[in-house]
Amino acid sequence: MNVSLCTISFRHQLISIEDLVSFAIENHLNGIELWGAHAKNLYHDGKGIPISLLHQHNLSITMLSDYLSLETSYEHLLKEAKKLVTIAHACETVKIRTFAGNKSSQMTTSEERNEIVQKLKGLCELMDENGFFLLIEIHPNTLADSIPSTIKLIEEVNHPALKINFDVLHVWESGAEPMASFYKLKPFIGHIHLKNISSPEHVSVFDPSNVYASSGSREGMVPLFDGVIDYDAFIEMVNSVGEIECSIEWFGENPKSVIARDSRTIRDIVSRVTV
């Protein structure tokens with residue numbers, strides 16, 4: 001398994017990309033998932049993306065995670081997507097993450113769904129022309145808020161550039177079993193997000209309106225191996241099916257200590273099962 005840190009974990013801290021590279025090296029991480037806001041700032045601040053620094057240490061930017069609005073006009077959407085493509089080229093990554101709208105699949109009309117599907121097809125064409133993949137994240141209040149709706153979306157878009165960012169917590173939140181769901185979606189999974197929670201009653205802590213707020217609640221957020229999802233079994237399973245990239249997505253306090261601990265436990269599990 002290749003394990004990355006998410007720069008979004010450090011969204012409320014003053015920390016440089018060089019410091020994050022050093023942290024990744026010290027903790028034997030394989031790469032950095034670059035949050036869209038961070039990627040844009042780095043690209044436009046004059047210094048650029050420090051690709052040579054990453055390469056010196058066999059690190060890479062594994063994914064550019066952003067939020068392309070499918071509710072805007074197609075012309076505006078394409079314009080914003082082309083900007084991301086330019087930045088992704090500078091990052092030397094082939095994966096751009098986004099969401100399938102901002103409304104649950106059950107609340108989306110057939111006309112609205114068809115409009116989103118057509119826009120995703122256009123985005124996939126753009127990605128394909130540039131050698132990229134568009135990753136749709138499994139997430140509440142989107143068209144990929146359940147395994148059946150995600151599978152339907154894959155079939156509707158029907159493009160090889162479309163992949164899935166398999167968020168284990170959100171799969172579990174939807175009522176699906178993560179390991180069984182992984183096998184259902186395996187041919188389409190391009191990346192995995194790893195996070196956990198102490199109990200179902202705290203799942204709303206990951207609502208965007210809360211999780212991105214510096215003053216938002218962090219109650220219920222726990223390290224990977226302390227929560228309701230059995231990550232020991234999940235990591236064993238994923239490691240057994242071949243090379244795949246994942247990111248530890250921590251939104252709580254003390255990101256360095258939590259990510260260091262979780263990455264160390266992942267390495268221990270992988271070492272144990274591959275001996």
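Keep in mind that this is a model prediction, so the values were computed, not measured. Residues: numbered from 1 along the sequence shown.
Using a 4.0 Å cut-off between a side-chain N of Lys or Arg and a carboxylate O of Asp or Glu, E80 and K83 qualify as a salt bridge. In summary, K103 and E112 engage in a salt bridge, as defined by a charged side-chain N under 4.0 Å from a carboxylate O. With respect to E156 and K121, no salt bridge is recorded, no charged nitrogen being found less than 4.0 Å from a carboxylate O. Note on K95 versus E245: salt bridge recorded, some NZ/NE/NH1/NH2 to OD/OE distance being below 4.0 Å.
Within the structure, the salt bridge (charged side-chain N to carboxylate O under 4.0 Å, His left out) test picks out the following pairs touching residues 4-28 (sequence neighbours left out): E18-K47. Evaluation of the ring pair (Phe, Tyr, Trp, His ring centres under 6.0 Å) test over residues 76-124, restricted to residues two or more places apart or in two chains, returns Y67-F99, H89-F132, F99-H139.
Looking at I138 and L185, their side chains come closer than 4.5 Å, going by heavy atoms from C-beta outward.
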Practice task
For side chain to side chain contact (heavy atoms under 4.5 Å, CB included), just list the numbers for D268 and R272, CA-CA rounded to whole Å, side-chain angles, deciding distance to a tenth of an Å, and then say yes or no.
Solution key: CA-CA 6 Å; D268 289 344; R272 184 182 73 218; over 6 Å; no
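By the 30° and 60° cut-offs, the orientation of the rings of F166 relative to F234 is parallel. Relative ring orientation between Y212 and W35 is described as parallel, the plane-to-plane angle staying below 30° on a 0-90° scale split at 30° and 60°.
With sequence neighbours left out, the salt bridge (charged side-chain N to carboxylate O under 4.0 Å, His left out) criterion links D167 to K195.
In this structure, CZ in R97 is found 4.0 Å from OG in S65, a value given to the nearest 0.5 Å.
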